[in-house]
There are 2 protein chains.
Amino acid sequence: MSETEISSLGEFGLIEQITKDFPIKNPSTQVGVGDDCAVLNYGTKPEMRTLVTTDVLLEGIHFDLTYTPLRHLGYKAAVVNFSDVYAMNGQPKQITVSLGISKRFTVEHIAELYAGIRLACEQYGVDLVGGDTSASVTGLIISITCIGEGEEGKIVYRNGAADTNLICVTGDLGAAYMGLQLLEREREVGAGQKDFQPDFSGREYILERQLKPEARKDVIAMLKEAGVQPTAMMDVSDGLSSELLHICKESNVGCRIYEDRIPIDYQTAIMAEEMNMNLVTAAMNGGEDYELLFTVPLTDHDKVVNMKGVRLIGRITKPELGAYMVTRDSNEIAIRAQGWNAFTQEDAN
Amino acid sequence: MSETEISSLGEFGLIEQITKDFPIKNPSTQVGVGDDCAVLNYGTKPEMRTLVTTDVLLEGIHFDLTYTPLRHLGYKAAVVNFSDVYAMNGQPKQITVSLGISKRFTVEHIAELYAGIRLACEQYGVDLVGGDTSASVTGLIISITCIGEGEEGKIVYRNGAADTNLICVTGDLGAAYMGLQLLEREREVGAGQKDFQPDFSGREYILERQLKPEARKDVIAMLKEAGVQPTAMMDVSDGLSSELLHICKESNVGCRIYEDRIPIDYQTAIMAEEMNMNLVTAAMNGGEDYELLFTVPLTDHDKVVNMKGVRLIGRITKPELGAYMVTRDSNEIAIRAQGWNAFTQEDAN
């Protein structure tokens with residue numbers, strides 16, 4: 001790959017080169033990149049609401065470029081924002097991308113990052129409408145804001161869960177976390193060795209979950225199709241424990257989930273055993289799954305129980321009953337948020 | 001001031017503490033901080049358009065905390081985003097604030113930063129609706145996205161300037177840049193000296209322009225009041241030269257501006273002389289003025305010529321005439337963008 005110093009293009013040249021290949025896909029995107037602001041038009045349907053979410057990803061905290069391809073990073077940075085919009089039962093429509101770029105990055109690096117962002121935008125039907133690009137003193141900084149829309153009365157918050165509601169989670173949990181453990185292990189094994197080639201065969205799933213997660217657009221469509229309106233919903237970014245406690249707190253309820261109902265992939269289990277880690281802890285607290293955690297009325301039981309990719313893991317209770325996991329041997333363990341916390345976990349990266 | 005480590009609160013605790021004092025001011029803000037997304041309602045007026053802009057501010061690149069109070073920095077970080085919305089002839093309504101925070105910052109530091117953001121939100125009638133907060137490896141990272149609204153047909157882009165249009169600029173230019181020079185000089189003078197007290201008396205204006213700039217909400221109101229619809233508009237963030245060239249390029253026009261018409265404050269002139277710097281260069285290329293540069297039809301001459309705080313500095317020409325400044329001695333100098341460029345100016349911070 002040829003290398004072009006960013007200083008040779010300047011900020012405006014870089015933006016122009018990078019954003020010229022992003023076609024506009026949504027009627028609500030009236031004007032995209034290139035002026036002081038993007039112009040969005042959400043004025044035509046009175047029942048539609050605009051959703052806004054933002055995430056910042058920092059090198060050395062959220063990602064390690066020794067094993068994260070820039071293209072994957074761009075894809076993931078966009079998708080995690082889309083995931084927040086789906087978690088409201090909305091549809092992502094536009095993003096802005098702000099970057100801080102240190103001197104060791106070339107124009108080709110940034111083009112790779114944007115190739116991933118572009119792919120994510122294509123896959124999810126989202127328009128890039130603006131951003132800000134700056135030099136940084138150290139490392140790569142990615143800040144993405146996503147704007148989407150949701151229908152009044154259909155938007156799902158965290159505070160709507162009620163006693164007897166069923167708790168559902170999509171896909172499987174802990175795989176992204178075990179993928180990260182694998183990448184970290186191989187990085188340490190390969191440190192200092194030139195041309196070290198880690199062997200990832202048979203581990204492709206957990207690696208992909210870590211490096212190129214998807215947002216559950218499909219589940220949102222499936223729920224709509226089935227006529228299921230969740231009472232509360234979140235995406236699992238910090239870990240199932242942390243998200244469950246958020247819903248319990250915001251909805252003023254308790255919950256019981258069942259250890260044997262937590263969906264875990266085979267590769268995740270193998271990896272946890274190999275690394276001598278507790279599998280359920282990884283699934284409950286690993287985070288970065290970007291699956292959907294949601295609650296539905298008991299009357300929707302028959303609809304969700306056979307829904308593809310959806311697992312019923314427990315039920316909402318009265319608040320005084322607390323938040324507990326029922327283990328395989330019928331003990332009750334209090335759910336604690338051990339989710340990834342960049343401010344406290346020294347060993348997080 | 002007491003000092004609380006951020007790790008003692010965690011991300012959620014920090015956000016909760018910091019955002020609890022931000023009352024919601026706009027009917028379009030349906031749900032603010034606390035869920036996956038903010039929910040905005042722009043659906044009621046079909047003629048309204050949603051505007052989105054974003055800016056990232058990085059320690060060591062955009063600001064130096066040895067002389068920038070965190071409260072001022074918060075204020076400025078918010079205001080520069082509002083300025084982008086006004087530059088479209090719109091009104092800012094909501095912001096999201098994402099932070100990357102290194103270990104040397106305490107909860108009190110972040111509260112100071114947010115106090116400034118809060119003051120800016122109060123002054124400009126804007127709601128804080130979300131954000132993301134993370135640890136950073138080094139330094140403070142501030143990424144703000146602002147959402148606003150503008151009326152279809154009234155929104156002003158960069159591409160509407162036409163031959164014979166008048167070029168106007170608000171306030172005065174170069175003061176923020178000379179304020180920065182003063183702060184840098186005093187930092188160098190005081191380096192290593194404990195309890196060094198720089199003498200800023202008589203320099204308050206240029207310091208305030210650098211540390212606590214304002215967006216020209218008042219000018220937008222005044223133009224509306226006077227029935228003046230600019231044909232093109234930008235805010236002066238990178239410097240007048242750079243912004244003029246943007247408008248010329250986007251509108252496919254040329255321009256003539258007159259050196260003796262460029263508005264410069266007395267303190268700016270004194271400071272430039274004291275530092276042996278070219279005053280006009282500072283005014284043309286200094287940047288961070290956050291004034292409005294706009295063009296109006298020739299027929300609006302009488303309206304803008306007596307408008308308070310607005311200076312007529314030149315006119316738009318056919319594109320083949322190029323972009324030039326006419327000097328006091330009637331020479332023509334090609335306008336070149338020497339605006340602040342974080343990617344190329346090694347000495348910028």
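FYI, side chains are in, hydrogens and waters are out, and symmetry mates aren't considered; it's all heavy atoms of this structure. Letters A, B, ... mirror the listed sequences (proteins, then strands); counts begin at 1.
Heavy atoms only, all atoms of each residue included: S134(B) and I61(A) are closest at OG-CG2, 3.7 Å.
T145(A) and T54(B) share no side-chain donor-acceptor pair at under 3.5 Å.
Using a 4.5 Å cut-off between heavy atoms, L57(B) makes no contact with chain A at all. Heavy-atom distances place the backbone of E59(B), and not its side chain, under 4.5 Å from chain A.
Side-chain contact between L58(B) and I141(A) is present, with heavy atoms from C-beta onward closer than 4.5 Å. Side-chain contact between I147(A) and V52(B) is present, with at least one heavy-atom pair separated by less than 4.5 Å. Using a 4.5 Å cut-off on side-chain heavy atoms (C-beta onward), L99(A) and V56(B) make no contact.
For the atom pair S98(A) OG and I142(B) CD1, the distance stands at 13.0 Å (nearest 0.5 Å). In this structure, the separation between CD1 on I144(A) and CG on D132(B) is 11.5 Å, given to the nearest 0.5 Å.
Interface check for chain B: of the options V97(A), T50(A), D55(A), the most heavy-atom pairs under 4.5 Å are formed by T50(A).
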